[in-house]
Structure formats: structure tokens, C-alpha cells
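So the structure is just underneath, and the comments pick up after that.
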Amino acid sequence: MMGHYIALSLLAVLGLGMIFIFYLTVKGRTIERRFVFLYIVFTVSLPLFVKMKPPIQVSPEVQQVVETITSLSPGAKVLISCDFDPPSAPELQPMLVAFTKYALKHDLKLIFMGLWPLGPSQANRGLRLALADTIIAAKNLTYGVDYVNLGFQSGNEFVIQAMGGSFKSMFPQDDRRIPYDSIPLLNGVVNYRQIDLVMNFSAGKPGTIEWIQNAVDRYQVKLSAGNTAVQAPQVYPYLRAGQVRGLMGGMSGAAEFELALNEKGKASSFILSQMFSHLAVMLFVIVGNVAWLMTRKKK
Amino acid sequence: MKREIPLIITFSVGVLLILSVFIPPTEHWGETFSLFFDIIAVFAFFLGGGNLVRTHISKLSGKKAGWVYSAVTLAAFFFMLAAGLFKIANIGGIGAPVTENGSLFQESFNYVMNPLGATMYALLAFFIASASYRAFRAKNREATILLVAAFIILLGRTPLGVAVTSWIPDSWDIFQIPNMAIWIMNSPNLAGQRAILIGIGLGVASMSLRVILGIERTYLGEDKG
Amino acid sequence: MVSTANQGDRRCATNLIRLLLVTFAVLLTFLHNRALADNSAVDTSSVVSASITPLAPPTSLVVSDHVYDNAERLDLVWVPSIDDKLIASKLIEYRVYRITDSGDGQRIAVLPAGANSFSDENVESGHQYSYYITSVGADSEFPSISSEPIEPEREWLNYHLISLLLICMIIGVAITYFIETARRGKKLFIRRIAGLEAIDDAVGRATEMGRPILFIPGIQDMDDVGTVAGVTILGRVCRVVAEFDTKISVPTSRSLVMTAARETIKTAYQTAGRPDKYSDDMSNYITDEQFGYVAAVNGIMVREKPATCFYMGTFYAESLLLAETGNSVGAIQIAGTSNPMQIPFFVVACDFTLIGEELFAASAYLSSEPKQLGSLKGQDLGKAIALTAITIGVIAATGSSAWHIGWMQDILNALESIFLTR
Amino acid sequence: MSTEFGVWVAALMTIGLFSFLYKDNPFFKVCEAVFIGSSTGYWAVVYFFDNLQKKLWEGIFPPDGAVGDAWLWGGAILGILMLCRLSNKIGWIARWPVSFIVGATAGLYMINYFVSSAMMQVASTMQSLVVTNGGGIDWQATIGSVVVAVAVVSGLIYFFFSKEHTGAFGGVAKVGIWFLMITFGASFGYTVMSRMSLLIGRMDYLFGDWLGMIR
């Protein structure tokens, strides 16, 4: 309840600021860029200190991801390609963490890899967080048996193609330099045929589209994806064509995913901040336009 | 001679690579090219990197305006270069790759380059706000359409949009903003992207043909040299 | 098509339709024949041997050469063992064994229960291969009958892509045809592209104000078509710049682009008759790092205050960072990119924006050489083909799915097999 | 508050770049210089190990003693020709590798773009206008597919270069540009979310990782 009041007073403060900006603009004194910047600093950072659960609805695309994941039976092998770097982490890392937590709780076997140089270290970061979870820690999972990180391989979509022949050809050893053949989890894993699902967290190229073109189209791989909000619209055509099973887009996609899997994480707290900043952007558009229309009429 | 050889190279390489797609034994030529490209790019880097170093050294030695920053640039460059090439304080010793976590090279990347990149990227948020305030005007019909579409998506993809139109009964759920946003993404947006993509496919084909046939050669010079 | 169509256009349209009809007829026949051939090749036998052994081996193993490859793949299909059950299966896995040139059997793969196909991608032409597959239980293994020896074949033309080859040829020939007619002096109409018309003014403005021009050829390397397009436009812009004798600066994020840009600028200055005004300092490499490059370019903008900024090439997130900073220093901005995600930012923050295809057409448009313009006409023919195919395809799809008209389904299938090349 | 040296460096760099928003200043210039220098150095090292050592050297002389790929010499020679640029006299030879790359890019992408951009998109547009669900017509989906068909067709017409946008043709082209504008608007709206997320990530770093004010 307390949270609500704080949020409301925050809204009031930011609202008053916006009214002031509006007043100045209508008066014909277009405010300087720097004030817009300052306003955004407050809008983004203040809500981070507020604890409140915003109302979110799980969209069908995210629901499809969840259904794809929940339909996997224990022991199913999932290949997770982390094709992003730290700048995109605010959006994609929460998805990765929520997925990893869910998967490890439900005894899925996880094989991480990355087509971006920094992807595997994001995976390690996510794994560390997931393994610290009390339920997962109690399971005493071992590296190489329950999860493994194959590391990064350069070559973009050619890596995806070559993996259709054999994983080992692209990853002779894993991230910890253990030879492919001596990793128990990978025993019998030759190529995509032994993989039940590919999860792709993608911030650009190579990413989901390359996975679709080279793994889904060629090797009939089952693919679900999480994308940055920017990347997501480009994947929509493929979603509609059924080439990708579900899509999480941006931070709201991550928050919906956390909600649907019941794995509360960072996205759930970031989303409030995001909501405020969106509101600010929309208000800036409105203020700019109203002021512009009014001054035009005067002329 | 000087003039013809590049044109012949462009023509023959282009034609060969087009044909290679259709001939199974030569299918992998595209991959070989990307390997070639990576190798050529390294040699080109000697030119680019060398140019960078030369420019800053000349600024520094001439004490031109901003020479301090040139000094910083050079220092950062050689620091990274040394940390990487000589594997200074490398976690796995001289035999291990430099990108291992904990090595000086990788840690410099993690704590210097990474935050710099992420921050530069984050500046976009501010610029979006200022562009919204300054340039996003419904000046004409096209701009208005763009504005309205952007607005619906913005609203619809956030919890706010859910709250605004949740009173609309389920039989008319298409008019709930989140659903409208999804519809826009799936129908007109998808179609618009398709039209653009088809155009790009043809545009690229036509430009490639001009390049291969040697009609377009501004990048080489139809010079007298 | 339209009331304004003149004689030439109409003749062109008639020719086009004729060409299309012939192509479609050829393709339809071809595809029909291929479909017949495919049907007869399908193995439909599903005879399961009545086995009394504890674990039945897989049956009906068929090994076939993978078509249209470089003799590097053989495809295996079989009918799973009757003991391969979803629940409480005694069968644990299948093992694939290969006999090369009647040597010994070698295990090449282990597949989970339920598998019924495998591709051996480690074969070479000039060798005979035969295979057998075993059902593996907890402590037993039962082999199937060995397949007939087969040698992988090398094909010299990928018939899966034949429709692509045909369409490419049609469009290629069309573009070349229009280039030729244009060269022979036929006048071609090309509509106005506002962003490109504005280039002269934009350069002129910079000259008047005595401030430099900034040209950003994208952030990708020369192996990206967008960059190639950007560099060709740079050549055209530089010619104007050389005539006006304005200062131009082309910071690049790749060394190769710097080399190509310098070459291009030099040529432009030579063509404009001002080779003495050229200097290598016009294009400098900054850094490969996307945002490092942006930080530097933003710095350049704030310090040098260019009067005009061009952004032509492949852009990602930096589009708005550049365009807003450019705007804040009061520059006229002309942008062009093929990345649909970044176009809106340029549309909002720049004065003129080239959308997708316009970027690739820009250099031809600016050259105003007839042969270059001819290629644009060829592009339009491509669009006409696409439009026709879409129209027929949509009608056929509607007819077949809503009213179940058989021949419409055939047309749709034919069209899809032409355009879906994978 | 963090006691880690690296976190402090990162936080200061973050603030330094943010200061550009106020105005160009020495703090920003230093950060910019560090960024340019270190990233160029970084890429030099990555290129050295990945391309020169791994792809070229180990490709020609594989460490396991296998037969190397003799083709790679071609890449090496083209690369060395590139260095002719350093000389004024034979600088023109550097055009050879450039023309090689441009020719190959043109050839390779001509087909790639053509297939994945043009042909695939044409094929996937061939959908039924009328969508049925269990007997009745699904009006919502039907309207959607009609819009898709109309938008693709009119959008393509907008891109026609050799025809004046007048009369009925111009009318359709106009509809086309409207649809393109919807596409741009949608992309813009969608992108805003992501960009705000980045800023949230940075703020989380400053207030959380560095200052420890958010848990």
C-alpha cells in the first residue's frame, strides 16, 4: 500500500514538472534540450527506488514461449544461444535468468553457447545467479552433467550451419577447455537431432533470424526466442509463419515471462521505471504537438 | 592496365560467386570469401590503425589544440595493445587466450570499454526524449500516421495501455490498445517491412549488377590514372 | 495499366506479360514433371518383419544419395523397430554402422529411440558405402539387414535452385536490356527523389557558411552492400563538393572503408578537375568499436559544427545518436539506410531520408547516366514481376482455401515452389 | 558503496560520457579519447589472434600437422597487396583487393538478398485473403490478411522509379507511403522501449552496483 502512495507522489512531482514544461512551450519558449535530459534522468531513476507490482498481461507470443518450455519433459536437452552483449543485458539477461532458473528447477539439461564473443560470459553470469537460488542449490547440480557452456565460436551463421553436421566440429572443447567427448551431458549429442529445443537470446545479427534461416529452415529445429525490443519486429514475420515458437520482446516481454514462469527477477522491478519513462516520452510528444498547433493557429 | 585490372577482378569474382551458388561443388566459395575477407581486413587494419597513430602523434608533437587528448588516446591504445599482444598479467599464462576473465586485457574490456559502450548506447534514451519533444510533429498526413502508430505501440506494449482500455468488453477486444498494438505489428507493420524488403532485394540485385558489369565504379575511379 | 501510360510503356508491358507467361508455362511443366518424379520415388513400404527375437531390429533401411550436393552426403531412412515404444520401451537407442568399400562395420552414430532417419555427411565420392542399423537394448544389440552399397554422387547443377536461377536470369537480362536501350539514347523517365535533389543545395549551403560537410558511410565494412552503396554515393557527393571547393570529412569505422573512401574521394576530385585539392586527411579511420566511433563522431560534430551531414550506409543504434547531435548543431541532414528499424529515426530527425531501395538506387540516380538509369528501370520490372506473382498468388490462395477450387491450389503450389527456394 | 576498483572506473567513465549531455567538456573528451584508444587497441589484438593467427597462420600450417588450406595464400597475397597503399608509387595496386572485395560482396549478396529479401517475402505474402475458423469466417484475421496484401502491393508501387506518381498510380503509391509510415511508427514505438531499458540498466549500475542504494 505504501508503495502506491510513493508512486503516486512521484507521479505528481513528475507531472508538475511536465506541466511547467508545457506552460513554457506554449508561451513560445521551447525549453532547452538539457532540461528534457534532466527530466528523463529523474523519470528513469526515481522509480527504481519504488517497490510496486505493475499490472502486466502475458501476451500470446510470450505465452507461446512458456508453453513450448513447459511442454518439455525432465531430461530434455536445450541449446541456449546467447547472442548479445552487456549493452542489451537489461532486456535479455532477465529472460535468460528466468529461463535458466525454471529449466534447472525442472531438470532440463542446458547447453549454453554464444555467437557473440560476450554471450557465454553473460550465460555464466546468469548461471551463477540461478545456481544461487535455494531450490536449485539444493539440487546440487554439476557442471558437465546438468549444464555446460560451450563458449563462443566466431563465424556467425556458418557456425549454425556447421552445427547441423556436428556440434563438436564447432566446439572441440567447452568454455572451460574440457574436450567435447569427455563431457557426460554431451555424450550422444551429435547435432540438432538430439536437441529438444533451441532458445535464442538475441540482440541483433547474428541472432534469431540467422537461427531461423540456418537451423529451423534447414534442420527443422524447434526454436523459441527472446529479443531486444528493437530486434523483435523483424522476427514477427517468422513468428507468424511458425518458424519460431514464441517470442519475448524487450523488457516488457521479460517481465511477462518472469510473471508467467513465476520467477520474479529484475525485469519486474525495471518495468515500473520503464513505464514512467514511456509516459514521459509520450507526454513530450503531446506537449510538443499541442504547443506547435497552438502557435500555428495564432499565426 | 591500371584501369582495367580492377574491373576484370570485380567482374570475374562477382560472376563466379553468383554461379557458385548453383553448383554444388563450389557452394562453399562464399565461406572461403568470408575467410579471405577477414584476412584482408587485418592487413587493411595496418593502414587504418597506422593512420590513427600517425594523426595523433603529429598532433602531440606539434602541441596542436587538444594534444592532451591525443596523448590519452595513444596511451590507451598502446596499453590495450601491450596487454593483449604480450599477454601481460594473463590469467592462464602466455599460452591461454587473452579473452579469459581475469586477464588484464579482458578486465580492461569489462571495466573500461564495456561501460563506455553501454553508456553511449544509453544516451539514446535522452535523444529519443528530445527528438519526441522537438521533431515528432504532426506536420502533415504522413507524419501524423507515423505518430499515431508509434503512440499506439508505445501504449500497447506497456502496462499503461492495458489499464487505459481494459474496460472494453471482450467481444470488442481488438480495440483494446494492447491488441491493437499486436495487430499493427502483425499486419500493416509486417506488410510494410515486406514491401521494403522486396524493394531492397531488387535494389541490391540491380546495384550488384551495376558493380559487377563495371557500370558503377565510383569506388575505383573511372579516372585517367 | 494507368491512363498516363505512353506508347513505349504499353509495349513494354505487353512484352513483359508475354515474357512472364512463357516463363510460368515453362516452370509449371518443369515443376509438374519433378513432382511426378518425386512421388514415384517415395518409399511407402512399411512391412514389419514378424520377429520373435527379444528386440526387433529396424526394417526397410533405404540409403539414397543426397541430391544436388558435392558428393558429401548420403541419406538413410528406416522403419523403427516394433519394440521402439513411447512408454516402457525395451529399446534404448539405435546405432548406425557403416561399411566402407566392403571393409569392416564402423559405428558412426548413436541415435535416440524414435529416430528413423540419419544423414551421413562424412562420405566421399569414389567409395562404396553400405549401412546397417542396430536396435540396442539394456544388454543386447540386434542388427538390421545391410543396405546395398552405394556411392555418393556429385551433381553439377542444383536443380532445387533452378527457379531462382531462372528468375535471376530474367531480371538480370531485363536490367542489362534496359541499360543497353538507355545507352542507345532512349529517353528514360525516373521520378524525383527529394532527398537526392537536395544534395546540391546542401553542399552549397555548407560552402556559403564556410563550414565543413560530414559524410558517414555507415558502420559496417566493405563486405556489406549498404556500405558499398554508401561509398558509391560518396563518390557522387564528392564531385559536387569538389566543384564547390567545400571541406569534406569522412570518418570511418573500418580501415577498409577508409581506403575505399579515400580512393573514391580522390577519383571524384580528379573527375571534377581539382586533383590538387584532394588530401588523404579527408577520410580517417577512427575505431571499429560501434559506440567508440559514435562518441568520436559526436565529438567532431560539436567541435567542427558541420553545415551538412550525410548518413548513407548501414546503421544500427547509432542512427539517432548521430542525427540528434547533428540537428543540435544546426546541420542540414540527408540520410539513407536499408535497415528498416533505423529508418524511422532518420525520418524524424533528418531533413531528407532515403528509404530502403532508394539507397541502392541513389548512386544511379545521381549519376544521371542513361545506362545507370536503365538499371533502375530493370529494378521496376522486378517489382512488376513481384506484384504479378503476389496478385495471382493471393487470388489462388483465396480460391483454394475459401472455396476449395482445385486448379487454384495447383497454381498456388506452382508459384510457391518457384519462390520458396529452400 | 562498491569497494572494487573496476566498478569505480566504470562508474566514472559512465558519468563522464553522460556529461556530454550538458555540453562538450574536458571530462567527456578524456573518456572519448580513452574509448577510441582502448577500443582500437582491443580490435587490433582481437584481429591479430582471431584472423591472423587462428584463421590465416593455423589455417595454412595447422598445429596438428594436417595439410593446410593452400587457398588461404590467396587471402594473404591480397592482404599484402593492400599494403601497397603505403607507397605513393604502387599505391594503385591496393585497388585490386578492394575490387576483389566489392565484386565478391556484390556477387554473394546479390543472390542472398534476392532469395531471403525478395523471393521469400513474395512467397509468404501469397496467403488467402479469407480466413476461416471451423466453418465461419474469422473476420478479424480476414481484415488482417486483406491489409497485408494491400499494404505490400501499394508499398511496392511506391518504390517504382520509372513512373510518375500521378493519377490512380499515384493514389496507390500514396496509400503505400502511409503503410510505410505505420511501419516506421511501429518500429519507433517498439524501439523506444529498448532504449529506455538501456538507460535503466546504466542507472541500475550507478545506483545499485556502484553506490549500493538499490538492492
Side-chain angles (χ1 to χ4, degrees), chain B residues 2 6 9-10 13-14 17-18 21 30 33 36 38-40 42-45 47 49 69 72-73 76-77 80-81 84 111-113 115-116 119 121-122 124-126 128 142 145-146 149-150 153-154 174 184 187-189 191-195 197-202 204-205 208 211-212 220, chain D residues 6 9-10 13-14 17 29 33-42 45 47 51-52 56 75 78-79 82 85 92 95 97 99-100 103-104 106-108 110-111 113-114 117-118 121 144 147-148 151-152 155-156 159 178-186 188-190 192 195-196 198-199 202:
Chain B
K2 276 189 193 173
I9 294 177
T10 309
V13 174
L17 276 176
I18 290 177
V21 174
F33 162 69
F36 269 41
D38 287 345
I39 294 166
I40 299 173
V42 181
F43 286 94
F45 187 81
L47 301 178
Y69 307 112
V72 175
T73 309
F77 173 72
M80 265 323 232
L81 204 64
Y111 288 107
V112 178
M113 273 175 71
L116 283 170
T119 309
Y121 203 169
L124 259 178
F126 296 106
I128 281 183
E142 282 78 25
I145 293 174
L146 193 152
I153 299 290
L154 255 179
I174 181 67
I184 289 180
S187 295
N189 169 60
Q193 300 244 15
R194 268 188 193 155
L197 282 176
I198 296 172
I200 288 174
L202 289 163
V204 169
S208 302
V211 166
I212 292 171
L220 283 178
Chain D
V9 173
M13 292 284 164
T14 305
L17 280 194
K29 284 186 191 168
V34 169
F35 202 176
I36 296 171
S38 62
S39 60
T40 311
Y42 175 84
V45 172
Y47 281 149
N51 296 6
L52 218 51
L56 181 63
L78 284 170
M82 198 79 221
R85 219 347 100 222
W92 53 273
R95 283 183 191 162
S99 52
F100 174 84
L108 201 62
M110 182 177 158
I111 301 289
Y113 269 88
F114 199 70
S117 292
Q121 298 303 326
V147 166
V148 168
V152 173
L156 268 180
F159 284 116
W178 292 345
F179 277 113
L180 292 181
M181 285 298 157
I182 295 182
T183 306
F184 298 151
F188 185 95
Y190 218 85
V192 170
R195 303 315 189 215
M196 289 301 166
L198 289 165
L199 185 55
R202 280 336 281 165

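In what follows, every heavy atom counts, from backbone to side chain, and hydrogens, waters and symmetry copies are set aside. Chain letters run A, B, ... following the sequence lines, proteins first and then strands; every chain starts at 1.
To the nearest 0.5 Å, the span separating CG on B:L116 from OG on D:S38 amounts to 6.5 Å. The CD1 atom of B:I9 lies 4.0 Å from the OG atom of D:S99; values are rounded to the nearest 0.5 Å. Atom OG1 in B:T119 sits 10.0 Å away from atom CG in D:L198 (nearest 0.5 Å). Of the inter-residue distances, the one linking B:L154 atom CG with D:M196 atom CE reads 8.5 Å to the nearest 0.5 angstrom. Considering CZ of B:F77 and CD1 of D:I36, their distance stands at 12.5 Å, rounded to 0.5 Å. The distance from atom CE of B:M80 to atom OG1 of D:T40, rounded to the nearest 0.5 Å, is 10.0 Å.
Contact tally against chain B (heavy-atom pairs below 4.5 Å) for D:V9, D:L108, D:L156, D:T14: the top residue is D:T14. Ranked by heavy-atom pairs under 4.5 Å with chain B, the list D:V192, D:L17, D:L56 is led by D:L17. For the set B:G30, B:A44, B:G192, the count of heavy-atom pairs under 4.5 angstrom toward chain D peaks at B:G192. Of the listed residues (B:L124, B:L81, B:N189), the greatest number of heavy-atom pairs within a distance under 4.5 Å of chain D belongs to B:N189. Of the listed residues B:I212, B:I128, B:V21, B:V204, the one with more heavy-atom pairs under 4.5 angstrom with chain D than any other is B:V204. With chain B as the partner, the residue from D:A10, D:A33, D:G189 showing the most heavy-atom pairs under 4.5 Å is D:A33. With respect to chain D, the highest number of heavy-atom pairs below 4.5 Å among B:L17, B:L197, B:V72 belongs to B:L197. Your options are D:A151, D:P97, D:G6, and the one with the most heavy-atom pairs under 4.5 Å with chain B is D:G6. Of the residues considered (B:A149, B:G84, B:A150), B:A150 shows the highest number of contacts with chain D, using heavy-atom pairs under 4.5 Å.
The heavy-atom pair separating B:I18 from D:G107 by the smallest distance is CG1-O, 3.5 Å. Nearest heavy atom pair, residue B:I153 against residue D:A186, reads CG1-CA, 3.7 Å. Here the closest non-hydrogen pair linking B:A76 and D:V34 is CB-O, 3.8 Å. In terms of heavy atoms, B:S187 sits closest to D:G144 at OG-CA, 3.6 Å. Looking at every heavy atom in both residues, B:P188 comes nearest to D:F179 through CB-CD2, 3.9 Å. Taking all atoms of both residues into account, the shortest heavy-atom contact from D:A118 to B:G201 is CB-CA, 4.3 Å.
With a threshold of 4.5 angstrom between heavy atoms, B:F45 approaches chain D through side-chain atoms but not through N, CA, C or O. Contact annotation for B:F33: only side-chain heavy atoms (C-beta onward) come within less than 4.5 Å of a heavy atom of chain D. Residue D:Y42 touches chain B through both its backbone and its side chain, counting heavy-atom pairs closer than 4.5 Å. Only the side chain of B:I184 comes within contact range of chain D, judged by heavy atoms closer than 4.5 Å. If you measure heavy-atom distances from D:I182 to chain B, the contacts under 4.5 Å come from both the backbone and the side chain.
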Problem set entry | Audit row: B:I198, D:F159, side-chain contact (heavy atoms from CB on, under 4.5 Å) steps and yes/no | CA-CA 10 Å; B:I198 296 172; D:F159 284 116; over 6 Å; no
Problem set entry | Criterion side-chain contact (heavy atoms from CB on, under 4.5 Å) on D:V148 and B:R194, from CA distance to verdict | CA-CA 9 Å; D:V148 168; B:R194 268 188 193 155; 3.8 Å; yes
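Without hydrogens or angle criteria, B:D38 side chain to D:N51 main chain gives no donor-acceptor distance under 3.5 Å. Side chain of B:T10 to backbone of D:G103: no donor-acceptor contact under 3.5 angstrom is found.
Counting only heavy atoms from C-beta outward, the side chains of D:F114 and B:L202 approach each other to under 4.5 Å.
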